[in-house]
Every structure is written in structure tokens, then in C-alpha cells.
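Note sheet for the following structure.
The chains referred to below are lettered A, B, ... by the order of the sequence lines, with proteins before strands, and numbering in each begins at 1.
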Amino acid sequence: MLYTMQQTFSQRVYEVVRTIPRGETRTYAYVALCAGNSRAVRAVGNILHKNYDPSIPCHRVIRSDGRLGGYNRGIQNKRRLLLKERAI
DNA sequence: CGTATGACGTGCA
DNA sequence: GTGCACGCCATAC
């Protein structure tokens, strides 16, 4: 898992999040780890915050302490989506 | 270039 | 359970 082909960290984050199966969740720390930098958890949040691509299920990314975190389309929407997928 | 931002994580009171 | 301080890092400006 290295930064090949000039891929930016954000692009790797998008890839990882896209692979999250329906009905499951991942933590920001997990995404950061898979993206290549386990300490960039904060950057992951920053990146997903600016992402508006619907093909990326960023609502399945939650915090490590069990809370949902945030969502660029409203935290209510995020919770509703997760409940609908029975991810929580 | 330097500074600010933020959907985090941990520790502690 | 709550709240705060600090560290941490890719981006935006």
C-alpha cells in the first residue's frame, strides 16, 4: 500500500471508503491506516468533509469511540442511512 | 512560502 | 456520561 502513480492521500481515502460493504462501518482510523497513514485520521475527516461524490459511501465511516462523527449532508441523514442499512 | 481548517483520537478532570 | 487540551496531518487559501 504505497503512494503509487502520484495518487494523493485523498484519492486513496476515496478508494478505501468505496470498498466498504453495505451494512458495515469503518472507523476514520481504519480508513487512514488503509490509505497509508495511520496518523492522518484528522485529514481523512477533512477530505470526506469536502467530498460530495454520491458513489462514495462516506456515511459508513464513523468514529472510533462509537459516535457517528459528522456528515456533509447533515448528521440526521447519515444516521438514517446507517439505520436503513442496518449498519448500527 | 506560512497559516488556518476540521466529519479525529486519546487522555484527563 | 460531559468537556477540554493537545497532538496529528492532508488540504485550502
> Of all residues at least two apart in sequence or in a different chain, which pass the side chain to side chain donor-acceptor pair (under 3.5 Å) check with A:T27?
Replying inline: none

>> Under the rule for side-chain contact (heavy atoms from CB on, under 4.5 Å), what residues qualify as partners of A:R80, not counting sequence neighbours?
In response: A:N77

> Is the distance from OP1 or OP2 of C:dA10 to the nearest side-chain N or O of A:T8 less than 4.0 Å?
Replying inline: no

> Taking only residues at least two apart or on different chains, which pairs with a member in residues 31-54 of chain A satisfy salt bridge (charged side-chain N to carboxylate O under 4.0 Å, His left out)?
Replying inline: none

>> Which residues in residues 42-49 of chain A have a heavy atom closer than 4.0 Å to any atom of DNA chain B?
In response: A:R42, A:A43, A:G45, A:N46, A:L48, A:H49

>> Can you give me the first and the last nucleotide of DNA chain B (5' to 3') that has an atom within less than 4.0 angstrom of a non-hydrogen atom in chain A?
In response: B:dT5 to B:dG9

> Looking for any heavy atom pair under 4.0 Å, which part of the strands does A:R67 touch: base, sugar-phosphate only, or nothing?
Replying inline: sugar-phosphate

>> Restricting to side chain to side chain donor-acceptor pair (under 3.5 Å), what partner residues turn up for A:T19, sequence neighbours left out?
In response: none

> What integer distance in Å separates A:N51:CG from C:dA12:P?
Replying inline: 12 Å

> Among all residues two or more places apart in sequence or in another chain, which pass the side-chain contact (heavy atoms from CB on, under 4.5 Å) test with A:V41?
Replying inline: A:A29, A:A32

> Rounding to a whole Å, what distance do you find between A:Y28:OH and C:dC9:C1'?
Replying inline: 16 Å

> With sequence neighbours excluded, what pairs up with A:R26 under the side chain to side chain donor-acceptor pair (under 3.5 Å) test?
Replying inline: A:E24

> Under the salt bridge (Lys or Arg N to Asp or Glu O under 4.0 Å) test, which residues partner A:D65, sequence neighbours left out?
Replying inline: A:R63

> Starting at the 5' end of DNA chain C, which residue's closest nucleotide do you reach first, A:K50 or A:R39?
Replying inline: A:R39

> Taking the side chain as C-beta and beyond, is there a heavy-atom pair between A:L48 and A:V13 under 4.5 Å?
Replying inline: yes

